[in-house]
Amino acid sequence: MPHLAHIALIVRDYDEALAFYVGKLGFTLVEDSYQPSQDKRWVTIRPPGAAADATTILLARASTSTQARYIGDQAGGRVFLFLATDDFARDHAAFTAAGVAWVRPPATYDYGKVAVFADLYGNLWDLVQFAPGHPAAG
């Protein structure tokens, strides 16, 4: 059965991206392998606690000026990725303590509790705890 294996996130630098996603957000480094034929690294991460077969984020270093233009704006200014949590207060507090920049403060809607943050490049993310009974609540 087909499934999403990776989502590419264009980054300026592998190590600065890892410092943010692994260092500040607590993501797990899945793979970091040098690809000599292309002079790049294959770097994948996944959210903390995600299953071993969960979709990963591929940190893809921009290799052309065209790609570089999209660093921090992969979704045209909209929220790009949605990070679901089972404990909004815990993760919001941890991200705040780590220096994450919040773009919109926590708010509660019929689908759950959400706040928007910007990653180190400016891509927008939702931190969301879905309400019980919501299809994405699991």
Side-chain angles (χ1 to χ4, degrees):
M1 178 64 104
H3 70 280
L4 288 175
H6 313 288
I7 296 171
L9 179 64
I10 303 169
V11 302
R12 181 176 37 247
D13 178 83
Y14 298 114
D15 294 323
E16 73 180 4
L18 285 170
F20 180 81
Y21 291 108
V22 175
K24 284 191 175 196
L25 299 186
F27 277 51
T28 301
L29 176 61
V30 177
E31 183 177 0
D32 186 349
S33 302
Y34 181 64
Q35 307 296 309
S37 64
Q38 298 176 7
D39 190 30
K40 66 180 182 180
R41 288 160 56 187
W42 180 264
V43 180
T44 58
I45 58 173
R46 76 168 59 94
D53 63 349
T55 301
T56 63
I57 294 175
L58 170 67
L59 300 178
R61 185 188 68 203
S63 59
T64 68
S65 60
T66 300
Q67 292 173 8
R69 285 197 302 265
Y70 293 97
I71 296 170
D73 192 22
Q74 290 198 205
R78 293 187 58 113
V79 170
F80 176 51
L81 296 166
F82 300 78
L83 186 59
T85 178
D86 62 351
D87 188 333
F88 182 90
R90 174 198 66 213
D91 293 331
H92 184 270
F95 289 2
T96 300
V100 168
W102 295 100
V103 176
R104 279 184 243 141
T108 302
Y109 299 97
D110 59 343
Y111 62 84
K113 190 163 194 170
V114 64
V116 179
F117 67 93
D119 69 14
L120 74 163
Y121 299 114
N123 293 301
L124 299 180
W125 291 63
D126 271 2
L127 174 66
V128 59
Q129 182 172 7
F130 291 104
H134 186 278

Nearest 0.5 Å, what's the [atom1]-[atom2] distance between [X] and [Y]?
X      : Y     : atom1 : atom2 : result
Leu59  : His6  : CG    : NE2   : 11.5 Å
Asp126 : Thr85 : CG    : OG1   : 12.5 Å
Lys40  : Gln35 : NZ    : CD    : 7.5 Å
Thr64  : Tyr70 : OG1   : OH    : 10.0 Å
Leu127 : Phe88 : CG    : CZ    : 5.0 Å
Arg61  : Arg41 : CZ    : CZ    : 8.5 Å

Asp86/Arg90 salt bridge by N-O under 4.0 Å criterion: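 Judged by the 4.0 Å cut-off on N to carboxylate O distance, Arg90 and Asp86 do form a salt bridge.
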For a quick test of reading the model, state the closest non-hydrogen atom pair linking [X] to [Y] and the distance between them.
X      : Y      : result
His92  : Pro106 : NE2-CG, 3.5 Å
Thr28  : Pro48  : OG1-CA, 4.2 Å
Tyr111 : Val128 : CE1-CG2, 4.2 Å
Gly99  : Lys24  : O-NZ, 3.8 Å

- Give a yes or no on whether the backbone of Gln74 and the side-chain of Asn123 come within a donor-acceptor separation of less than 3.5 Å.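 At least one qualifying donor-acceptor pair exists.
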**Request:** Would you check if the side chain of Lys113 reaches a backbone N or O of Thr108 as a donor-acceptor pair within less than 3.5 Å?
**Result:** no
Indicate, with yes or no, if [Y] and [X] share a hydrophobic cluster defined by side-chain heavy-atom contacts under 4.5 Å among Ile, Leu, Val, Met, Phe, Trp and Tyr.
X      : Y      : result
Val100 : Leu120 : yes
Leu124 : Tyr121 : no
Ile71  : Leu81  : yes
Leu9   : Leu83  : yes
Val79  : Phe130 : no

Passing option when Glu31 is tested against Leu58, Thr44, Ile45, Thr56 for side-chain contact (heavy atoms from CB on, under 4.5 Å):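 Filter result, single survivor: Thr44.
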For this session: Measure the shortest side-chain to side-chain distance between Phe82 and Val114 over non-hydrogen atoms and say whether it is less than 4.5 angstrom.
Result: no
Using side-chain contact (heavy atoms from CB on, under 4.5 Å), reason through Leu18 and Leu29 one step at a time and then give a plain yes or no. CA-CA 8 Å; Leu18 285 170; Leu29 176 61; 3.8 Å; yes
| task | Determine, stepwise, if the pair Phe27 / Ile57 fulfils side-chain contact (heavy atoms from CB on, under 4.5 Å). | result | CA-CA 10 Å; Phe27 277 51; Ile57 294 175; 4.0 Å; yes
query = Looking just at side-chain N and O atoms, do Tyr14 and Asp32 make a donor-acceptor pair shorter than 3.5 Å?
reply =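 Asp32 and Tyr14 do not have a side-chain donor-acceptor pair below 3.5 Å.
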#### Entry: Sole candidate of Trp125, Phe20, Phe80 that passes ring-ring contact (aromatic ring centres under 6.0 Å, His included) when paired with Phe117
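Per the ring-ring contact (aromatic ring centres under 6.0 Å, His included) rule, the option paired with Phe117 is Trp125, out of Trp125, Phe20, Phe80.
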